[in-house]
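Report on one structure; see the data block that follows.
It should be emphasised that the depicted structure is a prediction, and the values quoted were computed from it without experimental measurement. We name chains A, B, ... by the order of the sequence lines, and we start the count at 1 in each one.
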Amino acid sequence: MQKALTLSNISKSFVLPHEKRDTLKENFLGLMRKRTYEQFKALESVNLSIQKGDFVGIIGKNGSGKSTVLKIMAGIYQPDSGKIEVDGTIAPFLELGIGFQPELTARENIQVNATLLGLSKKQIQEKFNDIVKFADVEKFLDLKMKNFSSGMQARLAFAIAKEADADIYLCDEVFAVGDEAFQQKCIEVFEDWKKMGKTLILVSHNPSFITQFCNKAFLLEKGKIVANGDPETVIDEYHRRIHLESKPQEIHKDFIVSDINISEVRFFDHHGIETNNFKTGETITARIFYKVKKPVKTPVFGIAIHRDDGVHISGPNTKTSEYPIHEVKRDGYLDCIINQNSLLGGRYVFTVSCFDETCTRPYDYHDKQYTFSIERNRENQYGLIELPVTWRHYG
Amino acid sequence: MKKSNDKNLRILTELVKSEFKLRYQNSFLGYFWTLIKPLLLFGVIYLVFSVFMQSPIPNYPVYLLLGIILWTFFSEATLIGMNSILAKRDLITKIYFPRSIIIFASTISSLITLLLNLVIFFVFMLISHVPIQAEALFFIVYIIELYMVTTGVTFFLSALYLHFRDFQHIWEILLQIGFWLTPIIYTVSIVPVQYHRYIFLNPLARIIEYSRDIFINHHIPDLGLNLVLLLMAVVIFGGGYWFFKAKSSQIAEKI
């Protein structure tokens, strides 16, 4: 395999002065006071190597250095130390754009930006209609860019970057704006790039995009690469780290009357074997263990299942399921059996709670503290869940 | 190498075009303004010095107009040019291309304005019955040197401006002072000889004086003088470019 892009030992820090001194007067007066700086290490000895044809995802929390890495790859920032080797041309799509000039019209901006991306006059002429059509801005060509919505700007920027015919594409949060139709178009473009053997480096907050497209992923934390390799594993690690940090929700603590405490949740498959990995259609048993300090009458136990990107899938409780528990007197457990689960492949987070009869006073609440995953067993899965459908053909 | 030069040239062309549109699209008279501005200044100064004060310089209007046009180019090009990096921040933070292209695009846009102003100057010469002779061709050399000096200064200023944002006001004041210390509304010949060497430290003074020599006296200055001016232009251009290059890796972070 040929290397497309290699970063060796890249470090980058930004100097943040405690007082901003931009004018001469501030600089002059400042001479008498000692200036204090804060070194913010955006990246610390980052090593990564990307092969031709790789689709690479970079994930991390805000401020972890994702965008800085991309800007260094694009040549916009110079690293303090380290070496970058690039083989091929790069087309960047950073922070929702490729840099439009607000006072120019869309037509003029296409001209300027396509040139910046390396297209010749002739190529721009040939591709102009494709760009306009893809971005869906036919009617607004002579409108100044400042009057475009952010979604339209991002669409146009992506349409131009797409035509750049580069070897390596850098994409920072392509999906953050734009409607679903646009996202679908982007996905099709990614598929084309994959077929053409292009290299894509994708930064996203949304782990499911990375597992969907990438064959390799890097996890950045505080400017360092803390995990890399197979996207599923890297994203597991990402979630693990987030859960380590997230504290139980304080807001509920104040109200909690801890007569019942949930001690833990364990997952079992239909053989009764403890596991966190299931398949679509399998029966999942979530066993909720609790401890009782004082007997409680008619407690309501509930769960919530979220997909890892935050989409709330379901939230049943013993009251809505019409399974009243009359009284709990001593420690025990409760099984929540998800029959033939219809969840699609991916990672899920599990919340469990115990409320009083009216569902207003919580006894205990474990917000998104447990995870399980569903194996991706088929290529084509669409949507949130798999509904049990039957087809009937009359013809 | 050749490929990237081609690309940079195309970028330069596009940026000059868009720069031109941006400068003039929002004003009612549009491009006309830039042509009128030096003429208005010329009109007022002519009224004061030639009509009220009876300037003894022969062909004073031609002297004056040439000086004003060349000076206006220098002051406008440096003022707009030092701002151009900040004005193009949208591009700079999103995509890499050699940052010096932005400065070149800005000063070339100003250069085009200068050339159009010079057309007015030549028309004016015809009206004033000052013949245009073969020596006038040497003026091209001075235009090139003027462009080099202006661009060199702009490189220097735009790099400084990123660190000190009020440098623009300081530069405006320096330009005001420069306007009076440069032989624009007067000629060096009326200045006592002992001050000449200070005046000629200023390359603009040389360019304006030598150009007048060509057009009005039909005389090309000595080779020695021309070499000194060339050296000045090369040092200012090279120094400014080097300074800008040294600072340019940080541009995207500073804006």
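- More than 12 heavy atoms of other shown residues, nucleotides or ligands fall within 6.0 angstrom of atom NZ in B/K17.
- With a 4.5 angstrom heavy-atom cutoff, A/Q111 touches chain B via backbone and side-chain atoms both.
- The two atoms that bring B/S18 and A/Q101 nearest to each other are OG-NE2, 3.9 Å, heavy atoms only.
- A distance of 12.5 Å separates CD1 of A/I76 from CD1 of B/I251, quoted to the nearest 0.5 Å.
- Interface remark: of the candidates A/A91, A/S120, A/P102, A/S120 forms the most heavy-atom pairs closer than 4.5 Å to chain B.
- Separating the OH atom in B/Y96 from the CD1 atom in A/I72 is a distance of 14.0 Å, to the nearest 0.5 Å.
- The shortest heavy-atom contact between A/T115 and B/I11 is CG2-N, 3.7 Å.
- Interatomic distance, A/F93 CZ to B/K94 NZ, rounded to the nearest 0.5 Å: 8.5 Å.
- Applying the 6.0 Å contact sphere to CD of B/Q176 captures no more than 12 heavy atoms from other residues, nucleotides or ligands.
- With a threshold of 4.5 angstrom between heavy atoms, B/R99 approaches chain A through side-chain atoms but not through N, CA, C or O.
- With a 4.5 Å cut-off on side-chain heavy atoms, A/E103 and B/K21 do not count as touching.
- A/N109 CG to B/E14 CD: the interatomic distance, rounded to the nearest 0.5 Å, is 11.0 Å.
- Within 6.0 Å of the CZ atom in A/F14, the count of heavy atoms belonging to other residues, nucleotides or ligands exceeds 12.
- Atom NZ of B/K37 sits in a sparse spot, with 12 or fewer heavy atoms from other residues, nucleotides or ligands closer than 6.0 Å.
- Per-residue heavy-atom pair counts under 4.5 Å with chain B were compared for A/L116, A/V112, A/L104, and the maximum is reached by A/L116.
- The local environment of CZ in B/F20 is crowded, with over 12 non-hydrogen atoms from other residues, nucleotides or ligands closer than 6.0 Å.
- With a 4.5 Å cut-off on non-hydrogen atoms, A/L119 touches chain B through its backbone but not through its side chain.
- With a threshold of 4.5 angstrom between heavy atoms, A/K121 approaches chain B through its backbone and through its side chain.
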